[in-house]
Amino acid sequence: MSNVELTDSQREAVECTEGPLLVVAGPGSGKTRVITHRIARLVDNGVKPWRILAITFTNKAANEMAERTNQMLESCHVWVTTFHKFCARILRQYGKGVGLEANFTIYDVRDQRDLIKRAMENLEFDSVAFKPAKIGHQISRAKNELIGPENFSARYESSIGDATQAVAAEVYPEYQRLLLEANAVDFDDLLLHVVTLMADNPELRSKLDHQYEYVLVDEYQDTNTAQYKIISGLSRECPNLCVTGDPDQSIYGWRGARIQNILRFEQDHPRTRVVRLEENFRSTPNILAVADRLIAHNVRRKAKTLIPTRSAGRDVEVRQFASAFGEADHLAGFIRDEVKSGRREFNDFAVFYRVNALSRLVELALLRAKIPYQMAAGVEFYQRKEIKDLLAFLRLVANPKDYAAFARIANTLLKAVGKISIQRLLDHADRQQIDLVEACRTAGPIPKINKPAAKSFREFSTCLANAGDASVNGVTATLRSLIDSTGFTDEWESDESEDSIQRLANVGELINAAAEYDRSEEQPTLDGFLEMACLVNEGDNLDETGSVKMMTLHAAKGLEFPVVAIIGLEEGLLPHERALGDFDNGNGLEEERRLLFVGITRAREELLLTNTLSRQVYGRNKRSIDSLFVRELGLQVQDFTGSGVPTWAALGFGGFDSPQSQSANTTGRQSVAKPGGFNLTTAAQMANGTTESVTLPQGFAVGSRVRHPQYGRGVVVGCGGYSKNRTVTVEFNQGQKETFVVSKAPLEPIGMG
DNA sequence: TCATCGCAAGTTTTT
DNA sequence: CTTGCGATGA
């Protein structure tokens, strides 16, 4: 390995391998390079790879780091993982200490909510008046702060306890009991249980501490109390702890992250070496100046410099539009022109926004301009009904105590089974002290249970029993077996409807995912597959080349693009209203500012910021106010409100950006319904009155026109499926409808409308 | 027991 | 506007 290409401070961070090290790394300062080089250096120095642990927050970051590490070290097994995966692995091995069996299930937010609801029902709380989701949030916050059920009341009674909190205090222990009974954990438990384990069991803590002799933590400014404890526990006797981070990029305070963790690292670890990476190799001086000007408004902050290394580029621009339609359309036009002129490729562009809802109009505009794009975190694949159903099958095979999985299946899939039968079965399991699958198997003689229901339960248990051992035959085999034996897809196989085709395609995708998992994993297990399914995010692989990338500002952290556009710089949106005015005094605003800082510093060469005069929120037209941040940036806002978008009107969609609507907005009047077909309110309606347009592959929006060599011209009336299995239904001349797999059919888009 | 309809509520960021 | 839930009828 050669370090010639490293700067002095980078080299210092790489070579200082022993003892605590804090790397304060500004944006674009080559932090990832430092980490990967450092890992390589450790291995060069003779450290066994399995004694090195590198922890990140997201799968995306972990994958990237693992990949880059593997490039430097051929096939060396350094464990690069996320906090949650790390904890899951520890708990699979040592979870007995906190009452977990090795095959425990991880509950996602949905399962969590359902279980909280059940806990509330058990305690006879009104789950309508008190939202389980809200209670869940309270519990989650407590867990992040390491507050167990027994401490919850005590911890919060001093604060002005609202009713929800009081309910949460009661529900928390019951919820926790149910989780344990189901041999399950929620996301927060993964961390909390590990902390408990290490606290209760000093020998285990010490063992892990020694096992992971060298620990690296990325984005340390985002650690919450639980994560902080875990890291502390892993670096007491072997304090070779290297953390990297940037207080200015702390954007997860809302989720319990404590910026203090990084600020007090030096006090926590005496003899800490501090290395600052302040040179920026990413952005032009113009962009850095803007970023610096913005972040300087944060009061609670250690001043830090961003030293440019590149030559000046284009000016940063702020453009203002009459409406969000104008904003989106302009963006699409801008990208199209840049690519057409040969100056850029689609790949060079990224669009960031504060909330996912803002993506829709941009998507539509890109679609219309035939610009390929990829979105991080669209509709979650693993959240689809049919996918969750199948996963529930797998979960019950893996963990027959998994109540949430059982409840899901029993409620929606088992024939002749209703609420009463389910309750009887649960009682039966409870009385006999057997798991749910065993209860199904022995459902026959349960008193008062329906004959058909009992039969249904028994057949179901047989399907599960015959599903095979995934660790021997692979997850795919188990999955296929379950699909076959339960007849899961039968009704769709014989059905040509749009819906059925889509569901089948999704099932196909899940089988692909399982096959992929079996292939990539040395020791595939059902637990492992399920873990991946719930801890992995769809946006984790934004790897499609040749497309514009769209994502939230949060998702943008750690990435970089030649051209970045950030939309919606408006009060209430960025800064977001819900992020302000909490108990914290101005911290919310500072975090929002950091969020924009993160966004700005993703840009390598060009940065375009936009906002509008009026934007639709909840279907209503609302006047926008320039974001405070726009003023702080000290840039001139360019008036693009007149640049217009007659195109929408020309397409027969109504003149949203017509002169009238502008004047109404600029005079500050509430806009009134205008004559002349102004009643098209949403983007979805524009694309033919359906919401499906959001998930469409580019070029085949619902409502768009296509040509097929045999069928001739037609209009897209529906879509479905994912990636390779993506389908569209096209209506041709005589009302004849055909469904095609996009990637295989010789379809050609020929415009909208 | 199941399906449909209609009503209601609620809209940040994510592992 | 969307989504999710509950009540009602078959």
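Chain naming here is simple, since letters A, B, ... match the order of the sequence lines and numbering starts at 1 in each.
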Expressed as a whole number of angstroms, how long is the span from [X]:[atom1] to [N]:[atom2]?
{"X": "A:E121", "N": "C:dG6", "atom1": "CD", "atom2": "C1'", "value": "13 Å"}
{"X": "A:M375", "N": "B:dT14", "atom1": "CE", "atom2": "P", "value": "11 Å"}
{"X": "A:L535", "N": "B:dT14", "atom1": "CG", "atom2": "P", "value": "16 Å"}
{"X": "A:Q616", "N": "B:dT11", "atom1": "CD", "atom2": "C1'", "value": "15 Å"}
{"X": "A:R89", "N": "B:dT15", "atom1": "CZ", "atom2": "P", "value": "21 Å"}
{"X": "A:L191", "N": "B:dT14", "atom1": "CG", "atom2": "P", "value": "18 Å"}
{"X": "A:L595", "N": "B:dT13", "atom1": "CG", "atom2": "C1'", "value": "7 Å"}
{"X": "A:Y252", "N": "B:dT13", "atom1": "OH", "atom2": "P", "value": "11 Å"}

(request) Specify the residue among A:T82 and A:V355 whose closest nucleotide of DNA chain B lies further upstream toward the 5′ end. (result)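 Result of the comparison: A:V355.
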(request) Take A:W254 and A:K415, find for each the nucleotide of DNA chain B with the closest heavy atom, and name the residue whose nucleotide sits nearer the 5' end. (result)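 Looking at DNA chain B, the more 5' nearest nucleotide goes with A:K415.
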(request) Please say whether more than 12 non-hydrogen atoms of neighbouring residues, nucleotides or ligands are located less than 6.0 Å from CG in A:L123. (result)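 For A:L123, atom CG is crowded (more than 12 foreign heavy atoms under 6.0 Å).
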(message) Between C:dG4 and B:dT13, how far apart are the two C1' atoms, rounded to whole Å?
(response)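 Roughly 22 Å separates the two C1' atoms.
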(message) So if I take every side-chain heavy atom of A:R578 and compare against B:dT13, B:dT15, B:dT11, which nucleotide ends up nearest?
(response) B:dT11
(message) Using the side-chain heavy atoms of A:F187, tell me which of these nucleotides is nearest: B:dT1, B:dT15, C:dG6.
(response)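 The nucleotide sitting nearest to the side chain is B:dT15.
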(request) Apply side chain to side chain donor-acceptor pair (under 3.5 Å) to the pair A:S127 and A:E121, showing each step before the final yes or no. (result) CA-CA 7 Å; A:S127 64; A:E121 279 160 7; 4.5 Å; no
Quick check on [N]: is either OP1 or OP2 less than 4.0 Å from any side-chain nitrogen or oxygen of [X]?
{"X": "A:R113", "N": "C:dC5", "answer": "yes"}
{"X": "A:S421", "N": "B:dT1", "answer": "yes"}
{"X": "A:K131", "N": "B:dG10", "answer": "yes"}
{"X": "A:T552", "N": "B:dT12", "answer": "no"}
{"X": "A:N356", "N": "B:dT13", "answer": "yes"}

So what does [X] touch, heavy atoms closer than 4.0 Å: a base, only the sugar-phosphate, or nothing?
{"X": "A:L573", "value": "nothing"}
{"X": "A:V417", "value": "sugar-phosphate"}
{"X": "A:F57", "value": "sugar-phosphate"}

(request) Please round to the nearest 0.5 Å and tell me the distance separating atom CZ of A:F104 and atom CG of A:L530. (result)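 CG of A:L530 is found 11.5 Å from CZ of A:F104.
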(request) Check A:L179, A:D186, A:D111, A:I135 against A:I116 for a side chain to side chain contact (heavy atoms under 4.5 Å, CB included) and give me the one that passes. (result)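 For A:I116, the side chain to side chain contact (heavy atoms under 4.5 Å, CB included) check succeeds only for A:I135.
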(request) Taking only Lys NZ, Arg NE, NH1 and NH2, and the carboxylate oxygens of Asp or Glu, determine whether A:E531 and A:R89 approach each other closer than 4.0 Å. (result) no
